[in-house]
Asks: 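Okay, here's the structure, questions in a sec.
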Amino acid sequence: MTMASRIAQHLKKTGVHYDLIQHTHGASSLQSAMAARIRPEQLAKAVIIGNGESFRMCVIPADRKLVLKTLNHHMQDHFRLLHEDEICKIFDDCDVGAIPAFGQVYGMPVTWDNALLDTDDIYIESGDHTHLLHLNRGAFMELMGRQDHCDISEPLSSMHDRTLH
């Protein structure tokens, strides 16, 4: 597989320009960024959360971690990280751990991190561990449409006990 079938259909329908970049296997978003020789802040990773009733995708740079306390305050809700077995049921056309950052394609709302506004070239997992989608900032913004965005992450190197992922 080079791209999840639903993502391929969505990109064809929208007509947004993208490149498909092949790289050696990367088990995590940081490893994929290194394998593709891109800066980690350019790779937008998907983090899936739920509140018991609904799911939401958070899209943050690979060199950052989601701050659930900040997101929950913003959403006025109480979300938690989903387990891999819960995620596999939703993203059945993707390899485990290679979720494309387009939750709207899978029927879930998205909150993306404002840190992605500073990136001209954005890379996204395609659904497997050896390919990335490359988009320019304009194409990424077009695909995000009116999805929610705010500051929901902090650098991985920051060690606060209030953070997850």
Side-chain angles (χ1 to χ4, degrees), residues 1-8 10-11 16-50 55-68 70-71 79-106 108 110-137 139-141 143-144 147 149 151-165:
M1 168 180 46
T2 58
M3 189 183 323
S5 58
R6 286 182 256 184
I7 297 300
H10 182 69
L11 292 173
V16 168
H17 176 76
Y18 68 92
D19 298 308
L20 191 62
I21 309 298
Q22 187 170 3
H23 60 84
T24 57
H25 187 275
S28 70
S29 56
L30 282 174
Q31 287 180 5
S32 291
M34 289 185 344
R37 293 186 170 95
I38 61 170
R39 294 187 324 272
E41 65 267 20
Q42 292 179 290
L43 199 151
K45 69 178 176 182
V47 180
I48 313 303
I49 58 174
F55 302 115
R56 176 169 288 275
M57 178 181 283
C58 296
V59 179
I60 63 176
D63 66 340
R64 299 178 71 87
K65 57 188 166 191
L66 179 63
V67 181
L68 272 174
T70 302
L71 177 75
F79 287 98
R80 65 169 178 83
L81 293 175
L82 293 188
H83 299 286
E84 287 292 337
D85 59 331
E86 296 172 289
I87 295 170
C88 290
K89 293 175 186 173
I90 301 166
F91 298 92
D92 58 356
D93 63 342
C94 300
D95 291 345
V96 175
I99 306 303
F102 300 121
Q104 63 274 33
V105 175
Y106 294 86
M108 70 178 61
V110 173
T111 299
W112 55 275
D113 192 80
N114 285 337
L116 293 165
L117 288 169
D118 298 329
T119 305
D120 290 331
D121 292 295
I122 298 175
Y123 297 81
I124 295 171
E125 297 282 359
S126 68
D128 71 13
H129 291 282
T130 58
H131 294 85
L132 296 175
L133 297 168
H134 170 231
L135 305 160
N136 66 33
R137 182 180 18 200
F140 176 78
M141 296 300 166
L143 289 168
M144 286 296 112
Q147 300 293 327
H149 65 95
D151 296 319
I152 57 171
S153 72
E154 67 184 18
L156 282 173
S157 59
S158 179
M159 299 303 277
H160 298 307
D161 60 0
R162 64 183 172 85
T163 61
L164 290 173
H165 201 56

Asks: Please report the interatomic distance CE(M108) to CD(Q147), rounded to the nearest 0.5 Å.
Replies: 11.0 Å

Asks: Of the non-hydrogen atoms in S29 and L43, which two are nearest, and what is the gap between them?
Replies: O-CD1, 3.7 Å

Asks: Quick check: closest heavy atoms across D151 and N114, and the distance to 0.1 Å?
Replies: OD1-CB, 3.1 Å

Asks: Is there a donor-acceptor contact under 3.5 Å from the side chain of D93 to the main chain of A4?
Replies: no

Asks: Do the side chain of K45 and the main chain of R64 share a donor and acceptor less than 3.5 angstrom apart?
Replies: yes

Asks: With I124, which of I7, L135, L143, L132 fulfils side-chain contact (heavy atoms from CB on, under 4.5 Å)?
Replies: L135

Asks: Counting N and O atoms only, with roles assigned by atom type, does the side chain of H129 sit under 3.5 Å from a partner on the main chain of V96, one being a donor and the other an acceptor?
Replies: yes

Asks: Is any side-chain heavy atom of V59 less than 4.5 Å from a side-chain heavy atom of D113?
Replies: no

Asks: Measure the CE-NE2 distance between M34 and H23 for me, rounded to the nearest 0.5 Å.
Replies: 11.5 Å

Asks: Let me confirm one number: the CE-CG distance from M141 to N136, rounded to the nearest 0.5 Å.
Replies: 10.0 Å

Asks: I'd like to check L71 versus C58 (side-chain heavy atoms, cut-off strictly below 4.5 Å). Are they in contact?
Replies: yes

Asks: Drop me the distance from I99's CD1 to S126's OG, to the nearest 0.5 angstrom.
Replies: 11.0 Å

Asks: Indicate the atoms forming the closest heavy-atom contact of H83 with E86, along with that distance.
Replies: N-OE1, 2.7 Å

Asks: Work out which heavy atom in L82 is nearest to a heavy atom in G50; give both atom names and the distance.
Replies: CD2-N, 3.8 Å

Asks: Check the pair F55 / I87 against side-chain contact (heavy atoms from CB on, under 4.5 Å), numbers first and verdict last.
Replies: CA-CA 10 Å; F55 302 115; I87 295 170; over 6 Å; no

Asks: Would you call M3 and Y18 a side-chain contact if the rule is heavy atoms closer than 4.5 Å?
Replies: yes

Asks: For A101 and A46, work out which heavy atoms get closest and say how close.
Replies: CA-CB, 4.1 Å

Asks: Is there a donor-acceptor contact under 3.5 Å from the side chain of R137 to the main chain of I122?
Replies: no

Asks: If I take atom CD1 from residue I38 and atom OG1 from residue T119, how far apart are they, to the nearest 0.5 angstrom?
Replies: 10.0 Å

Asks: My understanding is that only one of F79, F91, Y106 makes a side-chain contact (heavy atoms from CB on, under 4.5 Å) with I48; could you say which?
Replies: F91

Asks: First locate atom CE of M144, then atom CG of L116, and finally report the distance between them rounded to the nearest 0.5 Å.
Replies: 8.5 Å

Asks: List the atom of E154, the atom of V67, and the distance in Å for their closest heavy-atom pair.
Replies: CG-CG2, 3.7 Å

